[in-house]
Amino acid sequence: MTGSRARVIGAVLRREIATIRRTPGYWIASLGLLVVLAGVLAVGGGGETGFVPTIVDLLLPTELLVPVVAVVLGYRALLTDAEELAMIRTYPISTVEYVCGIVAARFAALLGMLVPFALVGGYVWLTASPDTTIYATHTGVDSPLLFVRFLAFVVLLGLPYLSLAMVVGAVANSRRGALALAALVLIGGVLGGDLAVVGTLGGDAGVASFPARVAIPPNGAFRGLVFEHVIGVALPPDDGFVSSAAAVGSLLGWTAIGVGASIAALAFGDAVTDRLARVRGRVESLRGR
């Protein structure tokens with residue numbers, strides 16, 4: 001049973017990968033990301049001084065651009081019309097298998113679209129000045145491993161936006177509707193989360209719980225992990241940027257919520273639509289009386 005399910009998911013994954021490869025817009029977006037990162041690197045000068053200064057320069061653009069890339073990649077992944085969805089259901093495939101295959105393919109595409117970050121790291125590795133590898137006043141070491149750690153956190157940042165954007169496609173009725181909902185997801189995640197955390201602060205209790213609260217929105221969790229485990233190595237020993245366990249759990253939790261919501265939307269969307277149509281019909285009949 002497990003082998004059969006794996007083959008089904010693999011078939012969906014290969015089909016979706018082929019679709020992604022035939023969509024030039026995704027690779028244009030990746031090229032645009034490379035241009036922006038290279039521009040930030042050139043203006044900031046971090047590439048000449050080491051990995052940690054480069055990460056500091058890239059931190060804010062990353063918080064803005066990675067969610068955009070993930071949302072662009074995911075918001076149309078499950079956008080299907082009624083006829084296409086009905087055709088898919090004629091095959092021996094469950095909703096869970098179908099969504100898992102799509103998620104796996106889009107995750108692979110997300111890794112591909114984040115290659116510009118790896119190229120930037122390679123450039124810094126080749127061009128950074130040798131005398132910047134060790135900080136004279138602190139114990140931190142400017143190592144390529146720090147940039148690898150940063151890349152891992154970048155991937156974790158993209159996952160929640162990718163999965164939540166896929167929910168948009170699952171519930172939207174048109175491309176225009178999906179685009180509008182995707183914009184709400186993007187704005188809510190990038191700006192709304194941090195504003196909500198700041199709004200909850202008050203008194204000593206609010207300040208004391210800040211490391212845990214900042215980990216709730218994806219951007220806050222990502223930022224805290226970077227400060228705690230990447231930039232923080234170049235600073236005097238100081239904890240408290242974020243609760244690492246809460247931050248990782250938040251990023252993975254938002255991802256799981258998105259995948260689960262996509263499965264539920266496809267599995268029960270028709271039933272909900274039919275129920276709403278019946279309610280609407282009853283309301284109209286009552287008005288007619």
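Counting all heavy atoms, side chain and backbone alike, G158 lies closest to L110 at C-CD2, 3.9 Å. Minimum interatomic distance between A246 and A215 (heavy atoms only, all atoms of both residues): C-CB, 3.8 Å.
Taken to the nearest 0.5 Å, the CG atom of D57 stands 11.0 Å off from the CG atom of L37. Here CG of L156 is found 11.5 Å from CG of L151. Values are rounded to the nearest 0.5 Å. The distance from the CD1 atom of I231 to the CG atom of L146 is 10.0 Å, given to the nearest 0.5 Å. Here the CG atom belonging to L159 is positioned 8.0 Å from the CG atom belonging to L251, to the nearest 0.5 angstrom.
Residues passing the side-chain contact (heavy atoms from CB on, under 4.5 Å) test with I9, sequence neighbours excluded: R5, E97, C100. Under the ring pair (Phe, Tyr, Trp, His ring centres under 6.0 Å) criterion, F150 pairs with F147, sequence neighbours left out. Under the side chain to side chain donor-acceptor pair (under 3.5 Å) criterion, T23 pairs with no residue at all, not counting sequence neighbours. With sequence neighbours left out, V68 forms a side-chain contact (heavy atoms from CB on, under 4.5 Å) with V72, L186. Partners of V66 under the side-chain contact (heavy atoms from CB on, under 4.5 Å) rule, at least two apart in sequence or in another chain, are T62, L114, F117, V154, L157.
Clustering of Ile, Leu, Val, Met, Phe, Trp and Tyr side chains at separations under 4.5 Å places L13 together with I17.
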Give the C-alpha distance, both sets of side-chain angles, the deciding distance and a yes or no for side-chain contact (heavy atoms from CB on, under 4.5 Å) between M166 and Y75. CA-CA 5 Å; M166 291 178 66; Y75 85 99; over 6 Å; no

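Sorted by first then second residue, the salt bridge (Lys or Arg N to Asp or Glu O under 4.0 Å) pairs that include residues 246-267, not counting sequence neighbours, number zero. For residues 163-173, no pair satisfies salt bridge (Lys or Arg N to Asp or Glu O under 4.0 Å), with sequence neighbours left out. Note on residues 158-168: pairs passing side-chain hydrogen bond (donor to acceptor under 3.5 Å, both in side chains), not counting sequence neighbours, are Y161-N219. Listed by first and then second residue, the salt bridge (Lys or Arg N to Asp or Glu O under 4.0 Å) pairs involving residues 143-157 amount to none (not counting sequence neighbours).
A donor-acceptor pair under 3.5 Å is formed between the side chain of W254 and the backbone N or O of I216.
Under the 4.5 Å side-chain heavy-atom criterion for grouping Ile, Leu, Val, Met, Phe, Trp and Tyr, L119 is not connected to V124 through any hydrophobic cluster.
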All N/O donor-acceptor pairs, side-chain side in residues 260-268, below 3.5 Å, sequence neighbours left out:
from, atom 1, to, atom 2, distance (Å)
S262, OG, V167, N, 3.4
S262, OG, G258, O, 2.9

Distance-only donor-acceptor pairs under 3.5 Å for side chains of residues 24-36, two or more places apart:
from, atom 1, to, atom 2, distance (Å)
Y26, OH, R106, NH1, 2.9
S30, OG, M113, O, 3.3

